[in-house]
Each structure stands twice: as structure tokens, then as C-alpha cells.
Number of protein chains: 2
Amino acid sequence: MARNILVVEDDQNIANLIRMYLEKEGFEVRHAADGAQAIEQFNAKKPDMMLLDIMLPVMDGWSVCAKVRETSKLPIIMLTAKSEVYDRIQGLEMGADDYLVKPFEMKELIARINAVLRRTEIPEDTKKRLAFDKLIINLDSYELIVDGQRVDTPPKELELLYHLASSPNHVYTRNQLLDEVWGFDYFGDSRTVDVHIKRLREKVENVSDEWELKTVWGVGYKFELK
Amino acid sequence: MARNILVVEDDQNIANLIRMYLEKEGFEVRHAADGAQAIEQFNAKKPDMMLLDIMLPVMDGWSVCAKVRETSKLPIIMLTAKSEVYDRIQGLEMGADDYLVKPFEMKELIARINAVLRRTEIPEDTKKRLAFDKLIINLDSYELIVDGQRVDTPPKELELLYHLASSPNHVYTRNQLLDEVWGFDYFGDSRTVDVHIKRLREKVENVSDEWELKTVWGVGYKFELK
DNA sequence: TGCATATTTTACAGATTGTTCAAAACAAAG
DNA sequence: CTTTGTTTTGAACAATCTGTAAAATATGCA
């Protein structure tokens, strides 16, 4: 199935150039020349990804991005003539997935598109759900089911458990967990992890002998599967 | 084992910022303020990766990159204030592995570093695991399995055994082991190694005649494979 | 054999690391 | 603005590792 890409770009020459290369790569390409058209096209048929110029007539790229984000996680790559940090940050906060500063090379564009598609693709069987003996962790609905019973669990706890359980037997250090669960920009005490582990254990201890939340002394924690 | 990154950047503020984030990510960070220093540091101890500013006093980033490439495939990410395509091409031809246009966000830097390291690295599951007759050493899950039985082993002991066993028959002196397992910045008595070897032997002695933790009198220790 | 040197063993103290508790800070909801 | 629930922090305590020192043993060599 060919991937469908919506290119939002007011300069007809650039738009054609992009279309040519993308089609050569096997993508289906649609085109919108301004922000309003972009939203219209997006609503008419959901593309697999959007290439979004920032400087646009009628409605600029940021607004389009924000608008799309109200209802969708559609992968978006921003195209900008400016390289100022301000723009990059604004774009990220608006939820773009990547950036490209004009003028760029087609080679790079293609690479970024593939990278973003790869990153944002969620195969059906890798959904946010993990199941073990007497344990279901569902990050989709944020539910934890222990031995058939639903157990109310705060989000951080659930995310932590999910993260550990998604690579059974792998030992994570506290700092890795802080990075990967709390985010790389979180500067907090690593005791935090301990406390969450403790609370998880209260909920999940001695339920099954197939698995266990285990401390690896001097290293960190793991979700051990027997 | 922490990855070691050499940051080559003349602006002290940026360098400190980068250092802070990288160390939080668990990297070891060294810093060079100009091109000559960079080469010096590189020769003194090979890092796992280099972050290389292009505008540098004494010797610019391109020259440093070219110089390093004479002898090594070390992953290099270039940092540049310019976003011109020309620079990007020049850098690529010089053999940089990736690019970042300043000013960039830390999130992006970290992502790129991890990507480059991933690309230049052997897969996780073949990496931290050694198996011999009746012996499995798994540094991923921090488990030691002797004759099918799991044996609880403190981290230092396991790391020591792993290190020895990862080059069978190679003799390590006590000081080498202190450097490589405890870290170059550890200043302790070399008797320490003896004690750990002894404790390992208790766990691992006489289980197989395929291999042996052997003392090389007057020199050090080896993991001998028959 | 006996001496000098290297290694193994043992035991212990101190350091490090992990757990738990309780309270403060924070955020979301009403 | 208050209430409620969650997350984070700090402190006290417990568990366990780790390094040292010193005694016991083994090795190489004259």
C-alpha cells in the first residue's frame, strides 16, 4: 500500500520538485497551496504524513499543525526557511515530528520521511498492551489488571511498570528509568523510582510465580520472567 | 560500561550545558576547547564518539574530522552554526556521521547521539552475554547461571567474571582489571582483585573441566578455556 | 631445605545501596 | 478556593557489598 503524503507548500516550483521525488520513491502525493486548503484536504482524506511549509498564505504552518493536532497524531515534518531556535521550539511544542531547514536536499528529505514514518508506525501487535500470567498492562486505556481484577494505578506507576515489563529480564538503572519514563529533561532524585517500585509491588506482589519485580543490587530493577 | 564522549567546543557555556545533559544520560564526558586539544585527547584515550564544533580556534572542525579519519572510524557528529547545504556536504565527505545545526535542542542532540551509537554498534542481545560449558554470564539481566542453576552474584563480581571470560585465555594483571572493571579513576589496593576472584571461585569452581579461573603466578588471572 | 615473594583465605568495619515511612509539593477536579 | 489524589522529597533504618588488613598457605629459586 503506497503511503500518502500531503505536501503543503505555496511555491509551485518547490511543490512540483518535491512531488517528483516523492513519487519516484513510491509515495502517493497530494498538494495544498495554503493553510486552509491543507485543513480541507486533511479532513477530506487522512494522509499518512504531512510535509508542512511554515510560510503559507491564509493560515501559517504553525496554525495548521496545531489544528491538525487537535484531532490527530499524524506525523508532520515542518519545512522552514528560518533556522532560528525559536521556530524549532515552537514547532516542537506544536507537535511537529521533525524539521527541515530550506534549502534542503531531496536525499535528506526522503531519509527524514522514512525515519518519521518508521518512528510513528505502530504495528497492530505492538500496541500498548502487555500480558503476562495474571497480569495485563494496558497503556492504551491506562488500566492494570491483576488476576482478573482491575487495580487503580496512577499513571506514572503504570508507565514505569509498562516500561520494565516491555523488556523482561533487562536490568534498568534508576537513571535510565528516569530518562525513559519521566523524560530526559527531568532532573529529579532517583529515590523517586524506588518509591514507585514499592507502590507497584504492593499492587502486584505474589500474584504469580511466573514473573517478579526484582531489585538488582548495585544496578537497578528488572521485570523478571521465569 | 559508560560510553565516553569527547565534546570539542570552544564556547564554555555551550560545552557545560552539553556536558550536563550527557552526564545525566549516563555518558562519560571529556572536553576539548580547540582542535589541537581535541586531537591530543583523542590520542590519549579513544572515546566512543566525538561531538565536534566546526568553528574552532587553532584547527577547525573539518581538519579535526579529517585527521581522526586517518586512523579511525570513530562516530562523529558535527555541530555547526551555519545551515548552508555546502557545509553539510563538505562535512559528509569528510566522513562525519551526522549533523546538527546550532542552535539545537538537547532532545535532538541526545536522539542523534543514540541513533549514531546504535548504528555503529553491535545488537544488544549478542553483546552482553557469554556462554560456556555449564556457565552463562549475562550482563544484561545481571545473572550468573552455573550448571543450570541461578547463582546470586554481586555486580562487581559478575562484571569481573564477564571481563575475564570475554577474552578467554588472555591474562590480565590486577592493575588492568582494576582499570577496566573498576574504572581508571579507581585508586585501590590490588589485593581487592584477589578477594573477588576468591569469591567467584566459590561460586564457579569445579563445575566444568572445559574452563577454569586460573592464576598466572607473578602476573595475574585468566579465564582459561581448554 | 629454607627464604623471599606471591597468593589465598578469613574476618571485620565501613561504605554503599535499598526500603520504607511520612510529610511536603504539586496538579487536577469539583 | 477547597478537596482529593498523585508525585516527589527527605530521613531513618536495614540489608548487602566491598575493601583492607593480617594470618595462612603456596610457589619459585638458590
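To find a chain, count down the sequence lines: A is the first, B the second, and so on, and within it residues start at 1.
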List the residues meeting salt bridge (Lys or Arg N to Asp or Glu O under 4.0 Å) with [X], not counting sequence neighbours, and say none if there are none.
X	result
Asp152(A)	Arg150(A)
Lys134(A)	none
Glu210(A)	none
Arg191(B)	Asp194(B)

So does [X] get a side-chain nitrogen or oxygen closer than 4.0 Å to the phosphate oxygens (OP1/OP2) of [N]?
X	N	answer
Thr192(B)	dT20(D)	yes
Tyr186(B)	dG19(D)	yes
Trp182(B)	dG19(D)	yes

task = Kindly state each residue pair satisfying salt bridge (charged side-chain N to carboxylate O under 4.0 Å, His left out) with at least one member in residues 216-225 of chain B, sequence neighbours excluded.
result = Lys214(B)-Glu224(B), Lys222(B)-Glu224(B)
message = Which residues pass the side-chain contact (heavy atoms from CB on, under 4.5 Å) test with Arg201(B), not counting sequence neighbours?
response = Ile197(B), Glu205(B), Leu213(B), Thr215(B), Tyr221(B)
Check the interface with nucleotides 2-11 of chain C: list each N/O to N/O pair with the protein under 3.5 Å, or write none.
unit_1 : atom_1 : unit_2    : atom_2 : d
dA6(C) : O3'    : Gly218(B) : N      : 3.4
dT7(C) : OP1    : Gly218(B) : N      : 3.0
dT7(C) : OP2    : Arg174(B) : NH1    : 3.3
dT7(C) : OP2    : Arg174(B) : NH2    : 3.3
dT8(C) : OP1    : Arg201(B) : NH1    : 2.9
dT8(C) : OP1    : Thr215(B) : OG1    : 2.4
dT8(C) : OP2    : Tyr221(B) : OH     : 2.6

query = Can you name the side-chain hydrogen bond (donor to acceptor under 3.5 Å, both in side chains) partners of Thr173(A), sequence neighbours left out?
reply = none
Qualifying residues under side-chain hydrogen bond (donor to acceptor under 3.5 Å, both in side chains), relative to Glu202(B), sequence neighbours excluded = Lys198(B)
Considering only nitrogen or oxygen atoms on both sides, find all protein atoms under 3.5 Å from nucleotides 27-29 of chain C and state each distance.
none

request  = Return yes if some donor-acceptor pair links the side-chain N/O of Asp34(A) with the main-chain N/O of Gln37(A) below 3.5 Å, else return no.
outcome  = yes
note = Taken in chain and number order and not counting sequence neighbours, the residues that satisfy ring pair (Phe, Tyr, Trp, His ring centres under 6.0 Å) with Tyr142(A) are none
Pull out every protein N or O sitting under 3.5 Å from an N or O of nucleotides 2-5 of chain D, one pair per line with the distance.
none

